[in-house]
Amino acid sequence: MSLSALDIDFLRDFVVRRSGNVLRGGHSDLLETRLLPVAKSCGLDTVQQLVTQLRRSEQPKLSDLVAEAITVNETSFFRDIHPFDALRKRIIPDLINRNQESREIRIWCAASSSGQEPYSIAMVLREFFSHLTDWTMHIVATDLSEKMVERSQAGQYTQLEIGRGLPVSKLVQFFERHGTVWQARQELRDLLHFRRMNLTTPWPYLGQFDVVFMRNVLIYFDQATKADVLRRVRRVIRRDGYLFLGSAETVIGLNVPFQREELDATVCYRPTNG
């Protein structure tokens, strides 16, 4: 039995409240496909029974499982290569000049999914800036899904995942094979700090960042949520920092303290005083 229109509306509202993600259209097949395993793990036979249980009482663990199951986790290594080129050619050299006193570079990768983006950033740092032996480099990677955080911490990827965007030269340099999977070498994992975090709820203390990658996540939020998240990003990004959004994302129409700037073949956003 397919989900009713009332069930779909309930789930759409539920997901917005839990994660900020806006499900557009019916999405009945998507909801059925992604939520049936959650229902089965709870001893339920159907998604309808899962919806009934959610209606009766909001159980935090179950609510998290539902929100995580519906969240899109689409990613690949060096996705949309231009931001990584800008990081290598323009941004890290600029930060080296400006951060001589602290000798520290901090990067936040928000909505890091299964980890390909933060590992791509780590490869840029290790391959092109390995001479900075007396510098401290931190990449903080966060995601809504506990399952994705655990996957990222393991740093293990299938051949199919490796084949999506990772050049052979970098595979040989930064990964080692263990049976049917490839694992990121320790030199990459030492740069990364993973934690679970919901962008639409109060944030834990994060410190200040030189660069923030928040790509391909705002497209799932409504306008008010986008603006709120970006204003909070401004509070954790240094005044001369760099913000990367997805290629289909923009701050146009949002009253947020960032301005667009072109860096060679890509676009980033820089903080304003507003």
Side-chain angles (χ1 to χ4, degrees), residues 1-76 79 109-117 141-154 156 158 160-161 194-204 214-233 245-246 248-249 254:
M1 182 186 300
S2 298
L3 289 169
S4 69
L6 287 176
D7 287 339
I8 292 172
D9 286 344
F10 169 80
L11 287 170
R12 288 173 65 187
D13 291 341
F14 181 87
V15 170
V16 167
R17 285 187 285 109
R18 294 298 300 188
S19 68
N21 287 352
V22 177
L23 299 178
R24 309 185 192 282
H27 288 279
S28 177
D29 291 342
L30 171 68
L31 292 171
E32 288 273 5
T33 300
R34 296 199 172 191
L35 292 181
L36 186 56
V38 177
K40 296 290 188 181
S41 71
C42 297
L44 305 173
D45 294 324
T46 67
V47 176
Q48 288 81 2
Q49 292 176 355
L50 178 65
V51 172
T52 299
Q53 189 158 321
L54 290 172
R55 288 181 186 274
R56 285 175 181 161
S57 63
E58 191 160 316
Q59 305 166 42
K61 183 62 176 178
L62 178 59
S63 299
D64 286 345
L65 289 174
V66 169
E68 292 174 13
I70 296 174
T71 299
V72 176
N73 289 301
E74 173 64 26
T75 187
S76 61
R79 184 180 184 183
C109 179
S112 58
S113 187
S114 47
Q116 285 90 328
E117 182 172 80
T142 64
D143 196 82
L144 170 69
S145 169
E146 186 67 39
K147 180 180 178 181
M148 289 296 106
V149 170
E150 291 173 357
R151 275 212 61 198
S152 300
Q153 287 176 323
Q156 295 182 341
T158 65
L160 180 62
E161 291 169 324
F194 292 97
R195 63 191 299 178
R196 184 178 182 274
M197 179 176 163
N198 187 336
L199 293 173
T200 65
T201 60
W203 296 358
M214 189 172 280
R215 302 195 303 153
N216 306 304
V217 60
L218 296 182
I219 55 175
Y220 300 108
F221 298 159
D222 60 28
Q223 291 293 93
T225 304
K226 290 177 185 178
D228 176 63
V229 169
L230 287 172
R231 291 188 195 108
R232 286 194 274 172
V233 170
L245 303 179
E249 296 168 322
L254 300 174

Chemist: Report the residues that fulfil side chain to side chain contact (heavy atoms under 4.5 Å, CB included) with Thr52, sequence neighbours left out, ordered by chain and then residue number.
Modeler: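 So Thr52 forms a side chain to side chain contact (heavy atoms under 4.5 Å, CB included) with Arg56.
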Chemist: For the residue pair Val217 and Val229, establish whether any side-chain heavy-atom pair is separated by less than 4.5 Å.
Modeler: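 Sidechains of Val229 and Val217: no contact.
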Chemist: Using the side chain to side chain contact (heavy atoms under 4.5 Å, CB included) criterion, which residues pair with Gln53? Sequence neighbours excluded.
Modeler: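 Partners of Gln53 by the side chain to side chain contact (heavy atoms under 4.5 Å, CB included) criterion, ordered by chain and then number, come out as Leu44, Gln59, Leu62.
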Chemist: If we ignore hydrogens and angles and just use 3.5 Å, is the side chain of Glu249 paired with the main-chain N or O of Arg215 as donor and acceptor?
Modeler: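 Looks like no, no N/O pair under 3.5 Å.
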Chemist: Restricting to side chain to side chain contact (heavy atoms under 4.5 Å, CB included), what partner residues turn up for Thr200, sequence neighbours left out?
Modeler: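 Thr200: side chain to side chain contact (heavy atoms under 4.5 Å, CB included) contacts with Asn198, Phe221, Thr225.
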Chemist: How long is the straight-line distance from CD of Gln156 back to CZ of Arg151, given to the nearest 0.5 Å?
Modeler: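 With rounding to 0.5 Å, CZ (Arg151) is 9.0 Å from CD (Gln156).
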Chemist: Quick check for you: to the nearest 0.5 Å, what is the distance between Ser145 atom OG and Met197 atom CE?
Modeler: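 Here the rounded value is 15.0 Å.
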Chemist: Looking at Thr142 and Arg195, would you say the former's side chain and the latter's main chain have a donor-acceptor pair under 3.5 Å?
Modeler: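 The answer is no, because no donor-acceptor pair under 3.5 Å joins these two groups.
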Chemist: Which heavy atom in Leu36 sits nearest to a heavy atom in Asp45, and how many Å separate them?
Modeler: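 Result for this residue pair: CD1-O, 3.8 Å.
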Chemist: Might you point out which heavy atoms bring Cys109 and Glu117 nearest each other, and give the distance in Å?
Modeler: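 Here Cys109 and Glu117 meet closest at SG-OE1, 2.8 Å.
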Chemist: Once you round to the nearest 0.5 Å, how far does OG1 of Thr46 lie from NZ of Lys40?
Modeler: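 Here the rounded value is 8.0 Å.
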Chemist: If the condition is side-chain hydrogen bond (donor to acceptor under 3.5 Å, both in side chains), which residues does Ser152 pass it with, not counting sequence neighbours?
Modeler: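 Result, side-chain hydrogen bond (donor to acceptor under 3.5 Å, both in side chains) vs Ser152: none returned.
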Chemist: My understanding is that only residues two or more places apart in sequence, or in another chain, count here; which of them pass side-chain hydrogen bond (donor to acceptor under 3.5 Å, both in side chains) with Gln223?
Modeler: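 Expected list: Lys226.
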Chemist: Not counting sequence neighbours, which residues clear side-chain hydrogen bond (donor to acceptor under 3.5 Å, both in side chains) with Ser4? List them please.
Modeler: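 Once residues adjacent in sequence are excluded, the partners of Ser4 under the side-chain hydrogen bond (donor to acceptor under 3.5 Å, both in side chains) criterion are Asp7.
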Chemist: Go through the steps to decide whether Val51 and Leu35 satisfy the test side-chain contact (heavy atoms from CB on, under 4.5 Å), and finish with yes or no.
Modeler: CA-CA 10 Å; Val51 172; Leu35 292 181; 5.8 Å; no
Chemist: Tell me, please, which residues at least two apart from Arg232 pass side-chain hydrogen bond (donor to acceptor under 3.5 Å, both in side chains).
Modeler: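 Partners of Arg232 under the side-chain hydrogen bond (donor to acceptor under 3.5 Å, both in side chains) test: Asp228.
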Chemist: Going by the rule side chain to side chain contact (heavy atoms under 4.5 Å, CB included), which residues pair with Gln116 if we only count those two or more places apart in sequence or in a different chain?
Modeler: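 Gln116 satisfies side chain to side chain contact (heavy atoms under 4.5 Å, CB included) with Thr75, Phe77, Ser114, Tyr157, Glu161 once adjacent residues are dropped.
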Chemist: What heavy-atom pair brings Ala248 and Ile219 nearest, and what distance separates the two atoms?
Modeler: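 Answer, listing the atom of Ala248 first, then Ile219: O-CG2, 4.4 Å.
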Chemist: For a quick test of reading the model, state the closest non-hydrogen atom pair linking Ala39 to Leu50 and the distance between them.
Modeler: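 Residues Ala39 and Leu50, closest heavy atoms: CB-CB, 4.1 Å.
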Chemist: Taking all atoms of both residues into account, what is the closest heavy-atom pair of Asp143 and Ala111, and its distance?
Modeler: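 Nearest heavy atoms, Asp143 then Ala111: OD1-C, 3.4 Å.
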Chemist: Could you report the tightest heavy-atom contact between Arg55 and Leu6, atom names first, then the distance?
Modeler: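 Minimum heavy-atom separation between Arg55 and Leu6: NH2-O, 3.4 Å.
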